[in-house]
Novice: 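First, the structure itself, so that you have it in front of you.
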Amino acid sequence: MSGLTDQAGGESGSIEGRLEASREAWEQSMTRRLESLGESLHGRNLGHLAALSGATIEGSGLQLIYWGRLVRITWPQLTIGDVETGEPCSMFDCAMLLYYLDMADGTELADRWIGFRELPDGAFYNQAFQGYSGNLLARRFGEQPGALQAAARAMAGARLPALAPLGFAFQPLPRIRLAAVLWPGDEDFAARASILFDASSYHYMTTDGLALLGSGLARRLLRNPPN
């Protein structure tokens, strides 16, 4: 899953250098997913879909914020691009956005945080998810909590003082909210960190997709601390 977790962190060149056969297999699989999602979305009412997902209607398409960037989804072509730069979104990001639109059911944010193991079928994959999300944050920021605070502020994270000594909320999509929480290490206890999810998140993304959003948050935080 490492290639996808790199993609989730916005590292567009992560597949470079892999065997060509593996890359082609991944691209073919993602293409099939996009085709299936497109077929599912084509018959949907645009206004109803906007209301369910928290997107806005702009011309003949939708606009929404994805990881702090405004993206536009044309309709019914379902081409997706960054509004500011005009650049098309990667295949990975297109799949994440179309999954989100396809699953959106209008459920309000729960304002209650849960761990990955509490997501549908999350318990089976929890150890792996913790390995490429919370454990990475604990190793990097456990003895430098100020660096996590700086990284979170650079990503417009909202402080969550009630969750942990350091906790910040992020909203990669209009109806999906994640949190990064850290218990710094000391002479008696090793540092711990986790990625948490608003309890309504599974109404908007598959558990696999939420794992990728969570790992994407961790990797963005790891890239953001000032030198």
Side-chain angles (χ1 to χ4, degrees), residues 5 8-11 50-56 62-71 82-84 93 96-97 99-101 103-119 122 129-130 132-185 191-205 207 209-227:
T5 56
E11 299 169 25
L52 294 178
S53 65
T56 59
L62 296 175
Q63 290 189 169
L64 55 79
I65 300 293
Y66 176 60
W67 285 119
R69 304 290 296 183
L70 184 64
V71 299
D82 186 296
V83 170
E84 181 179 346
D93 288 333
M96 296 295 285
L97 287 159
Y99 267 122
Y100 173 76
L101 291 176
M103 289 190 63
D105 64 5
T107 299
E108 296 292 334
L109 289 168
D111 288 327
R112 179 172 63 86
W113 297 103
I114 61 174
F116 187 80
R117 68 169 62 251
E118 298 171 81
L119 295 170
F129 175 73
Q130 178 65 21
Y132 57 73
S133 61
N135 289 357
L136 294 180
L137 296 179
R139 284 198 294 270
R140 171 63 182 87
F141 299 117
E143 296 183 1
Q144 295 181 300
L148 174 60
Q149 186 165 321
R153 286 178 175 171
M155 293 176 58
R159 186 72 185 270
L160 296 170
L163 281 182
L166 274 183
F168 298 89
F170 305 85
Q171 203 148 340
L173 285 157
R175 299 277 172 85
I176 295 180
R177 188 166 57 178
L178 311 180
V181 295
L182 173 71
W183 291 264
R192 295 184 295 118
S194 295
I195 298 294
L196 304 178
F197 303 82
D198 185 272
S200 67
S201 297
Y202 68 89
H203 289 270
Y204 293 91
M205 187 67 68
T207 298
L210 290 172
L212 291 169
L213 285 176
S215 68
L217 172 57
R219 287 167 183 265
R220 283 170 167 81
L221 288 167
L222 291 168
R223 290 206 309 270
N224 262 300
N227 295 324

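These values consider heavy atoms only, across backbone and side chains, with no hydrogens, waters or symmetry-generated copies. Here the structure is a predicted model, which is why all the values come from computation and not from measurement.
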Novice: Do V71 and D93 make a side-chain contact, defined as non-hydrogen atoms from C-beta onward lying under 4.5 Å apart?
Specialist: no
Novice: Quick check for you: to the nearest 0.5 Å, what is the distance between R219 atom CZ and L217 atom CG?
Specialist: 12.0 Å
Novice: Just how far is it from atom CD1 of I195 to atom CG of L210, taken to the nearest 0.5 Å?
Specialist: 12.0 Å
Novice: Hey, could you give me the CG/CG distance between D105 and L52, rounded to the nearest 0.5 Å?
Specialist: 7.0 Å
Novice: Are the side chains of R192 and L182 in touch, meaning some heavy atoms are under 4.5 Å apart?
Specialist: no
Novice: Pairs of donor and acceptor atoms involving the side chains of residues 110-118, under 3.5 Å and at least two apart or interchain, shall be tabulated with distances.
Specialist:
| residue | atom | partner | partner atom | Å |
| --- | --- | --- | --- | --- |
| D111 | OD1 | R177 | NH2 | 2.5 |
| E118 | OE2 | G115 | N | 2.9 |

Novice: Testing the basics here: between Y132 and A211, what is the closest heavy-atom pair and its distance to 0.1 Å?
Specialist: OH-CB, 3.8 Å
Novice: Please confirm whether the ring centroid of Y66 lies under 6.0 Å from the ring centroid of F170.
Specialist: no
Novice: With sequence neighbours left out, what residues match R153 under side chain to side chain contact (heavy atoms under 4.5 Å, CB included)?
Specialist: Q149
Novice: Excluding sequence neighbours, so at least two apart, what forms side chain to side chain contact (heavy atoms under 4.5 Å, CB included) with P165?
Specialist: W183, P184
Novice: Kindly indicate whether the side chain of M155, heavy atoms from C-beta on, has any atom under 4.5 Å from the side chain of L221.
Specialist: yes
Novice: Could you tell me which residues satisfy salt bridge (charged side-chain N to carboxylate O under 4.0 Å, His left out) with R159, sequence neighbours excluded, listed by chain and number?
Specialist: none
Novice: Just so I know, are the side chains of Y202 and M103 near enough to count as touching, which here means a heavy-atom distance under 4.5 Å?
Specialist: no
Novice: Between Y100 (side chain) and S53 (backbone), is there a donor-acceptor pair under 3.5 Å?
Specialist: yes
Novice: Between S201 and F197 (side chain of the first, backbone of the second, donor and acceptor by atom type, cut-off under 3.5 Å), is there such a pair?
Specialist: no
Novice: Taking only residues two or more places apart in sequence or in another chain, which ones pass side chain to side chain contact (heavy atoms under 4.5 Å, CB included) with P172?
Specialist: W67, I176, L178, L213
Novice: Taking side chain to side chain donor-acceptor pair (under 3.5 Å) as the test, write out the residues that go with E108, two or more places apart.
Specialist: none
Novice: When rounded to the nearest 0.5 angstrom, what distance separates CG in N224 from CG in L222?
Specialist: 9.5 Å
Novice: Just jot down the side chain to side chain donor-acceptor pair (under 3.5 Å) partners of T56, sequence neighbours excluded, or say none.
Specialist: none
Novice: side-chain contact (heavy atoms from CB on, under 4.5 Å) for L196 and L163? Distances and angles first, verdict last.
Specialist: CA-CA 10 Å; L196 304 178; L163 281 182; 4.2 Å; yes
Novice: Do side-chain atoms of Y204 reach the backbone of G106 as a donor and acceptor pair under 3.5 angstrom?
Specialist: yes
Novice: According to side chain to side chain donor-acceptor pair (under 3.5 Å), who are the partners of T207, at least two apart in sequence or on a separate chain?
Specialist: none
Novice: If you define the side chain from C-beta out and look only at heavy atoms, does anything of E84 sit under 4.5 Å from L70?
Specialist: no
Novice: Decide yes or no for L97 and L101: does some side-chain heavy atom of the first lie under 4.5 Å from some side-chain heavy atom of the second?
Specialist: no
Novice: Nearest 0.5 Å please: distance from the OG atom of S215 over to the CG atom of L136.
Specialist: 9.5 Å
Novice: How long is the gap from CG on L173 to CD1 on I65, to the nearest 0.5 Å?
Specialist: 10.0 Å
Novice: State, to 0.1 Å, how close A138 and A191 come at their nearest heavy-atom pair, and which atoms those are.
Specialist: CB-O, 3.8 Å
Novice: What residues form a side chain to side chain donor-acceptor pair (under 3.5 Å) with Q171, not counting sequence neighbours?
Specialist: none
